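Step one of this worksheet: look at the structure below.
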Amino acid sequence: MNLFADIKTLVLDSLQTLQAAGSLPSDLDFSNVTVEPPRDAMHGDMATNAAMVLAKQARMKPRDIAQALAELLVADARITAVDVAGPGFLNLRLDPAQWLAILPEVLRAGTDFGRSPMGSGKSVNVEFVSANPTGPLHVGHTRGAVFGDALASLLDFAGYAVTREYVINDGGSQIDTLARSVYLRYLEAHGQEVSFPEGVYPGDYLIPVGKALKDKVGDKYIDQPEDVWMDDLRNFGTDAMMALIRADLALLGVKMDRFFSEKSLYGTGKIEACLQALNDKGLIYEGYTDPPKGKMPDDWKPRKQTLFKSTEFGDDQDRPVQKSDGSWTYFAPDIAYHHDKVLRGYDELINVFGADHGGYVKRLKAIVAALSGNTVPLDIKLTQLVRLFKNGQPFKMSKRAGTFVTLKDVIDLVGPDVTRFVMLTRKNDAPLDFDFDKVLDQSKDNPVFYVQYAYARISSVMRKAIEAGVDVSDAVLLDADLANLGHDAELALAKKLGEWPRMLELAAKHHEPHRIAFYLFDLASEYHSLHNLGKTSPDQRFWQADNVAASHAKIALIRSVAVVLSAGLGILGVTPMDKM
RNA sequence: GCACCCGUAGCUCAGCUGGAUAGAGCGCUGCCCUCCGAAGGCAGAGGUCUCGCGUUCGAAUCGCGACGGGUGCACCA
């Protein structure tokens, strides 16, 4: 149930009634009509802009439309008052019972309350993390992982069929580098002195991989040239790194539905077929790219390449798919990969990248547009940098200085719940400050704590009631006489609960899970406010020893709050806590 | 140089499909526990929404142009 949607339906029906009666022209576009919470609660419970949106089309004064519409709306039993305000807003006041009627809805549906049919089962592929399999995940990947996972959960909640996917870049030259690095660690495991030149990965995490290789192949590869061991070590290294990355993701609670190997595209003819398809559309040609503007590389010279005409789809430059020596660029398998996703039949694609891949957005959109004939929308969400702090001091990451912060470091220090929530307290395209001390702070300065605290407080109140021998099961609360509620703070809380389905659809529509974190903070705030009212007004306490009926009603309210908090935290992947 | 992202209170940031007197937290000032978790709440002060022009009944929001910050820019992925 979504009260905002219900009332919007009423507004639209009323407008049609006016049309039928000849009070409004018949050819009006209602698509911009909204019903939303007013900015100021003093204005009422809901506001609609219908009169202003339609005034021009109908060639009528907004206030005249508003007046006519108001007369119809006020006749509805749910609405107690309609005011025409300002330039033509209609401010609606609802019978408080309408808001309170949300409580049994919440209790009945549980954490499924607010699930939306908006996705109508459409399939969405969310590709995220997709870190190169050359080392463990670091903080930057962590943000992408949390964001992508929460977005996927959000879309699932909004009625989409979601696939979480990780593409393994196991085909590029960075895998050769990995193989050489593993080889050095392998020699080291055999007791040889090794040095790590520029261009190999010096990380300690490869030491056990070298040992494992030694255990597996013994001294078979010692003193052997690269071409003897390269293929084997590429696979061995990639497998080891993916095991590491899967373990990192598991620490965060992220479960991928599918890992897609880029290498699996090679040798199958898929890349060739895909490029042929583009060629058939006249989008492939042999040519030269312009020299880069700004900093000119020392060794730049024009080279003939095979190019994809991405400028036809809004890119700044056509992009090379094949190098001058005939081998593929990194872009070619990516084209085939996205072709594969299109062929799998997803209705929508979403990619989550770090902000440093921003330059990649246009060409990928170009590819998907070209390959799907503009039928499959691709949204690319960029996650901005995470700035680490310790005690308010910036914490610089440096591979050389050994201050490289991995996902595991973060989880070990603050845990997955805190990590996930904090990562979602900023919009994805805004930089995020992550202070190891502040995120663990047990005070209202810390939004994670603040939301958890509200949940724990509700649990505490309910324990209190249970200790007193009162049944506060949902079945009993469902029958509570809600006429016992009516205080402004109680109604405010119920209204906030009523906003949940609407907020959720907006968050899903915009692909912005951070909105859920902000909503939960607001909901927790309303709860704390009401809870504290009980400090000075004993009759506002939830647990009324001498009035079981009132207690049931009040606890039905806060139990509903707990359910929505739980649902919201669930989407973010955070576990609510009964006690702290 | 070009592209993308960002610019909102002293600080960190929300702000919905363009909507009414622009919000929250921190910090600052003053209040509130014999009693459900004060790990909290209430109230106050604090704004040229970077600037200009335009579209509109109406602009923080849309368009154009400045300015400032970040990121990225040919056979590396």
Side-chain angles (χ1 to χ4, degrees), chain A residues 31-34 36-40 42-43 47 49 52-53 55-56 61-62 85-89 91 132 134 169 171-175 262 288-297 300-306 315-317 319-320 322-331 333-334 354-362 382 384-385 425-427 429-431 433 441-447 449-450 452-454 456-465 502-503 506-507 509-510 514-515 518 521-522 525 528-536 538 541-545 554 558 579-580:
Chain A
S31 60
N32 289 325
V33 173
T34 63
E36 51 193 13
R39 191 188 294 271
D40 188 338
M42 294 293 287
H43 292 132
N49 63 354
M52 287 178 292
V53 170
K56 193 165 196 174
K61 289 180 192 165
F89 278 100
N91 289 329
N132 284 339
T134 57
N169 294 117
S173 61
Q174 80 281 4
I175 301 300
E262 177 193 288
Y288 297 86
T289 48
D290 293 332
K293 308 293 192 312
K295 252 191 301 180
M296 173 69 88
W300 194 90
K301 50 185 161 187
R303 276 181 262 249
K304 197 170 193 181
Q305 300 160 332
T306 305
D315 200 359
D316 315 307
Q317 207 177 32
R319 305 293 172 177
Q322 206 168 20
K323 302 176 192 174
S324 48
D325 66 2
S327 63
W328 301 123
T329 66
Y330 61 93
F331 191 38
D334 235 1
D356 54 345
H357 286 65
Y360 206 49
V361 169
K362 284 188 179 174
L382 302 177
Q384 264 294 348
L385 297 178
T425 53
R426 285 286 171 271
K427 203 162 45 181
D429 52 13
D433 289 349
D441 191 17
Q442 302 266 305
S443 80
K444 65 172 175 176
D445 307 357
N446 180 356
F449 169 79
Y450 189 80
Q452 290 278 25
Y453 180 47
R457 265 181 149 180
I458 293 169
S459 301
S460 176
V461 172
M462 296 192 53
R463 278 194 297 273
K464 195 101 178 172
R502 180 177 175 276
M503 190 287 309
L506 286 169
K509 179 179 166 190
H510 293 276
H514 77 276
R515 292 183 191 223
F518 281 91
F521 185 87
D522 287 346
S525 177
H528 287 308
S529 181
L530 178 61
H531 182 108
N532 274 67
L533 208 56
K535 296 288 173 195
T536 47
R541 286 179 206 153
F542 307 126
W543 166 235
Q544 302 283 328
K554 289 169 186 292
I558 66 169
K579 288 182 183 178
M580 314 184 63

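Proteins get letters first, then strands, A, B, ... in listed order; numbering begins at 1 in each. Bear in mind that the values here come from a model prediction, so they are computed numbers and not experimental data.
A distance of 5.0 Å separates NZ in Lys579(A) from CZ in Arg463(A), rounded to the nearest 0.5 Å. Summarising the geometry, atom OG1 belonging to Thr289(A) is positioned 5.5 Å from atom CD belonging to Gln317(A); distances are rounded to the nearest 0.5 Å.
Listed by chain and number, the residues in a side chain to side chain contact (heavy atoms under 4.5 Å, CB included) with Arg541(A) are Pro538(A), Gln544(A) (sequence neighbours excluded). By the side chain to side chain contact (heavy atoms under 4.5 Å, CB included) test, Tyr450(A) is found to be paired with Lys444(A), Phe521(A), Ala524(A), Ser525(A), His528(A), residues two or more places apart in sequence or in another chain being considered. Partners of Leu382(A) according to the side chain to side chain contact (heavy atoms under 4.5 Å, CB included) rule, which considers only residues two or more places apart in sequence or in another chain, are Phe353(A), Val361(A), Ile380(A). Take Asn132(A) and apply the side-chain hydrogen bond (donor to acceptor under 3.5 Å, both in side chains) test, not counting sequence neighbours, and it matches no residue. Legend: residues meeting side-chain hydrogen bond (donor to acceptor under 3.5 Å, both in side chains) with Lys362(A), ordered by chain and number and at least two apart, are Asp316(A). When the side-chain hydrogen bond (donor to acceptor under 3.5 Å, both in side chains) test is applied to Thr329(A), no partner is found at least two apart in sequence or on another chain. By the side-chain hydrogen bond (donor to acceptor under 3.5 Å, both in side chains) test, Glu262(A) pairs with Asn169(A), sequence neighbours left out. By the salt bridge (Lys or Arg N to Asp or Glu O under 4.0 Å) test, Asp334(A) is found to be paired with no residue, residues two or more places apart in sequence or in another chain being considered. The salt bridge (Lys or Arg N to Asp or Glu O under 4.0 Å) test applied to Asp441(A) returns no partner, not counting sequence neighbours.
Phe521(A) comes within contact range of the sugar-phosphate backbone alone, with a heavy-atom separation under 4.0 Å but no base atom that close. Residue Met580(A) is in base contact, counting any heavy-atom pair closer than 4.0 Å across all strands shown. The residue Ala456(A) sits close to a base: some heavy atom pair falls under 4.0 Å. Within the nucleic acid shown, Gln452(A) has no heavy atom closer than 4.0 Å to any nucleic acid atom. Contacts of Ser443(A) with the nucleic acid, taken as non-hydrogen atoms under 4.0 Å apart, involve only primed sugar atoms and P, OP1 or OP2. Across all strands, Ser324(A) comes closer than 4.0 Å to base atoms (heavy-atom distances). Contact annotation for His514(A): backbone-only contact, meaning every heavy-atom pair under 4.0 Å involves sugar-phosphate atoms and none involves a base.
For G58(B) and A20(B), the C1' atoms lie 10 Å apart once the distance is rounded to whole Å. Annotation: G27(B) and A66(B) have their P atoms spaced 42 Å apart (nearest Å). Across the P atoms, A14(B) and C6(B) are found 10 Å apart, a figure rounded to whole Å. Straight-line distance between the P atoms of G10(B) and G70(B): roughly 22 Å, to the nearest whole Å. Nucleotides C32(B) and C49(B) place their C1' atoms 35 Å apart, quoted to the nearest Å. One P atom belongs to G7(B), the other to A77(B), and the distance between them is 35 Å to the nearest Å. Separation of the C1' atoms belonging to A9(B) and A45(B) is 11 Å when rounded to the nearest angstrom. Across A59(B) and U55(B), the matching C1' atoms stand 10 Å from one another, rounded to whole Å.
Each of A77(B), C35(B), C16(B) was ranked by its minimum atom distance to the side chain of Asn169(A); first place goes to A77(B). Checked against C13(B), C57(B), U71(B), the side chain of Arg426(A) finds its nearest nucleotide in C13(B). Comparing C36(B), A24(B), G15(B) by their nearest atom to the side chain of Lys464(A) picks out C36(B). Looking at the side chain of Asp356(A), the nearest of the listed nucleotides A77(B), U71(B), C16(B) is U71(B). Taking only side-chain atoms of Gln174(A), from C-beta outward, the nucleotide of C42(B), A74(B), A77(B) with the closest atom is A77(B).
Residue Tyr450(A) places at least one side-chain N or O under 4.0 Å from the OP1 or OP2 atom of G41(B).
Stacking annotation: Tyr330(A) is not stacked on the base of C76(B) (requires ring centroids less than 5.5 angstrom apart and an interplanar angle below 30 degrees).
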Give every pair of a protein N or O atom and an N or O atom of nucleotides 17-21 of chain B that lie under 3.5 Å apart, one pair per line with the distance.
{"unit_1": "U17(B)", "atom_1": "OP1", "unit_2": "His510(A)", "atom_2": "NE2", "d": "2.4"}
{"unit_1": "U17(B)", "atom_1": "OP2", "unit_2": "His510(A)", "atom_2": "NE2", "d": "3.0"}
{"unit_1": "A20(B)", "atom_1": "OP1", "unit_2": "Arg39(A)", "atom_2": "NH2", "d": "3.2"}
{"unit_1": "A20(B)", "atom_1": "OP2", "unit_2": "Arg39(A)", "atom_2": "NE", "d": "2.4"}
{"unit_1": "A20(B)", "atom_1": "OP2", "unit_2": "Arg39(A)", "atom_2": "NH2", "d": "2.7"}
{"unit_1": "A20(B)", "atom_1": "N6", "unit_2": "Asn91(A)", "atom_2": "OD1", "d": "2.5"}
{"unit_1": "A20(B)", "atom_1": "N1", "unit_2": "Asn91(A)", "atom_2": "OD1", "d": "3.0"}
{"unit_1": "A20(B)", "atom_1": "N1", "unit_2": "Asn91(A)", "atom_2": "ND2", "d": "2.8"}

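Side-chain contact check for Leu533(A) versus Leu530(A): some heavy-atom pair is nearer than 4.5 Å.
For RNA chain B, runs of at least 3 consecutive pairs of the Watson-Crick or G-U wobble type, with both hydrogen-bonding distances under 3.5 angstrom, map to B:1-7 with B:67-73, B:10-13 with B:23-26, B:28-32 with B:40-44, B:50-54 with B:62-66.
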So if I define the base as every atom that isn't primed, P, OP1 or OP2, how would nucleotides 3-9 of chain B read as a B/S/- string at a heavy-atom cutoff under 4.0 Å?
SSSS---

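Ring-plane geometry between Tyr360(A) and Phe331(A) is classed as perpendicular, the angle between the planes exceeding 60 degrees on a 0 to 90 degree scale with a lower cut at 30. Tyr453(A) and Phe449(A) have parallel rings, their planes meeting at less than 30° on a 0 to 90° scale where 60° marks the start of perpendicular.
With rounding to whole Å, Ile175(A) atom CD1 is found 13 Å from C76(B) atom C1'. Here the C1' atom of nucleotide C36(B) and the CD1 atom of Ile558(A) are 8 Å apart, to the nearest Å.
Glycosidic conformation of C49(B) is anti; the angle lies outside 90° of 0.
Counting atom types as modelled, Arg502(A) pairs a side-chain N or O with a base atom of C16(B) as donor and acceptor under 3.5 Å.
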